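Basis for what follows: all heavy atoms, side chains included, without hydrogens, waters or symmetry-related copies. Just so we're on the same page: letters track the sequence lines, and every chain starts at 1. None of these values were measured; they are calculated from a predicted model.
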Protein chains: 2
Amino acid sequence: MNDKEISSAVVKRLPRYYRYLGELMEKDVVRISSKELSEKMKVTASQIRQDLNNFGGFGQQGYGYNVEYLYTEIGKILGLDRHYKVIIVGAGNLGQALANYTDFEKRGFRVVGIFDVNPRLIGMTIRGIEVRIVDELETFVKENGVDIAALTLPKTKAPQIGSDLVKWGVRAIWNFAPTDLNLPDDVIVENVHLAESLMRVSYNLRNRERELEQEQVLAGMEEK
Amino acid sequence: MNDKEISSAVVKRLPRYYRYLGELMEKDVVRISSKELSEKMKVTASQIRQDLNNFGGFGQQGYGYNVEYLYTEIGKILGLDRHYKVIIVGAGNLGQALANYTDFEKRGFRVVGIFDVNPRLIGMTIRGIEVRIVDELETFVKENGVDIAALTLPKTKAPQIGSDLVKWGVRAIWNFAPTDLNLPDDVIVENVHLAESLMRVSYNLRNRERELEQEQVLAGMEEK
DNA sequence: TAGATTGTTAATCGATTAACAATC
DNA sequence: TAGATTGTTAATCGATTAACAATC
């Protein structure tokens, strides 16, 4: 079992496979071939087979893949059969939105604590979870064994609190603050940079304009 | 001017350059070489130079790059010197979080409308913007010329409303609903799939466990 | 002028796609 | 058995890194 490292390109695609398979299950589809799935998902059948074969042979020649089985297996690969304790640090709008997102619970992510620096928010409860002051973070994390910390706080505070959390035993950071965290290599960091995402939209809109300008220049040259 | 297509890998990195240059400006750094920047950003100097040269020669041999100039130029490339009208469709927690995120305004993204299906939310205002009923979407979009629509609504409603918005003139969709939108190729779609992001965290946590198990197996074999 | 660093070409690496033998 | 479709190897494509001549 020479566990070759799975490329992050593959890992990025797994949740999307999982989502499509879940939808197929809801429609009571029992089996699907890589070809059919590739048409739905707008990727190549070859890529689907390659991706899946990183983890094992889930299909059967001449038949395809059993939807429910493949769904379950990808779920296991993604660790969705596990339970993870999550805290949210920063109880602003975004933190509250995450805390209220009940879908996470279904996938095994349980929010066990919400923290904020702002004393005005302390004592407020979100889905039954009381908002605590950040001063209690250290004790809480050490006593409860937190797996994942979502950082939904200002960029000025994120790097320090991120480092502290890791020091206290948090294994993964889901970072929404618009800054990079400098953490040891064995810490898992997943960034969600909304501002950067919106800038890509903006780039593409601007690019569309540039293309149109270009076309007009070319049209003008034809007239000459 | 043979405008070769810029790869999406490059476009993904641009906002990060922009962010680092902004931070350097705040620290009154006047010039920086690709080497210095590469060390800060943990990428190769070669990649920085390649990326920038897709858009033009912004540096100077023997000197490096002028921080403020490069910042401004990347801003233009990203279209941040433009103004875009944004609507938010879905005034739940996430929609409200986006509406309250004042940083977007600074970058030229102006929220001009917020919509929801839920009549209970109608009339409520967020940062001075009244929440409207979705029935008014068509008229509003046609009259106001919306550039970007953020979809923060349930996955069941997202595809239909997305298609409608495009039909009514919206040019880009910032999609937070956990579903794919099937839209014409000339429509810009940027997906923010939080559930998928969290699953990648989960994958990596689970993978860390698997690695540890593997090490123990190997350690056990040595003992024999 | 000498040193530094870019812009750019060439080499390498990795990811995607194509092809097909294995097999259900 | 014949047809379908996987698992996997080989070919292609694209992105990253290295190298260096151009030049400030």
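- In this structure, the CD atom of Q60(B) is 15 Å from the C1' atom of dG3(C), given to the nearest Å.
- Between N54(B) and Q50(B), the side chains place no donor N or O within less than 3.5 Å of an acceptor N or O (distance only, hydrogens not considered).
- Contacts between residues 49-57 of chain A and DNA chain C, counted as heavy-atom distances below 4.0 Å, involve R49(A), Q50(A).
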How is the base pairing of DNA chain D summarised as a dot-bracket string, given the Watson-Crick and G-U wobble criteria with both distances under 3.5 Å, [ ] for crossing and | for another strand?
..||||||||||||||||||||||
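- Within residues 11-37 of chain A, the residues that have a heavy atom under 4.0 Å from DNA chain C are, in order of number, R13(A).
- Using a cutoff of 4.0 Å between basic side-chain nitrogens and carboxylate oxygens, K35(A) and E39(A) are scored as salt-bridged.
- When the side-chain nitrogen and oxygen atoms of T44(B) are compared with OP1 and OP2 of dT17(D), one or more of them lie within a distance under 4.0 Å.
- The pair E105(B)-R110(B) fails the salt-bridge criterion, with no side-chain N (NZ, NE, NH1 or NH2) lying under 4.0 Å from an Asp/Glu carboxylate O.
- For R19(A) and D180(B), the salt-bridge test passes: some basic side-chain N is under 4.0 Å from an acidic carboxylate O.
- Checking side-chain atoms of N175(B) against main-chain N and O of A177(B) turns up a donor-acceptor pair under 3.5 Å.
- Side-chain to base pairing of S46(B) with dA18(D): one donor and one acceptor N or O lie within less than 3.5 Å of each other.
- K42(A) places its NZ atom 19 Å from the P atom of dT16(C), with the value rounded to the nearest Å.
- Contact between the side-chain N/O atoms of Y65(A) and the OP1/OP2 oxygens of dG7(D) is found at a separation under 4.0 Å.
- Comment: D51(A) engages R13(A) in a salt bridge, judged by a side-chain N to carboxylate O separation of less than 4.0 angstrom.
- Closest to the side chain of Q47(A), from the set dT17(C), dA19(D), dT23(C), is dT17(C).
- What separates CD of Q61(B) from C1' of dT8(C) is a distance of 10 Å, to the nearest Å.
- In the displayed structure, E68(B) atom CD is contacted under 6.0 Å by at most 12 heavy atoms of other residues, nucleotides or ligands.
- Among Y65(A), Y18(A), Y20(A), the single residue meeting the ring pair (Phe, Tyr, Trp, His ring centres under 6.0 Å) criterion with Y71(A) is Y18(A).
- For the pair F58(A) CZ and dG7(D) P, the interatomic distance rounds to 9 Å; values are reported in whole Å.
- Rounded to a whole Å, the CG atom of N66(A) is 13 Å from the P atom of dT6(D).
- Salt-bridge check for E209(B) with R82(A): passed, with a basic side-chain N closer than 4.0 Å to an acidic carboxylate O.
- No salt bridge links E213(A) with R210(A); every basic N to acidic carboxylate O contact stays at or beyond 4.0 Å.
- Salt bridge present: D147(B) and R171(B) bring a charged side-chain N and a carboxylate O closer than 4.0 Å.
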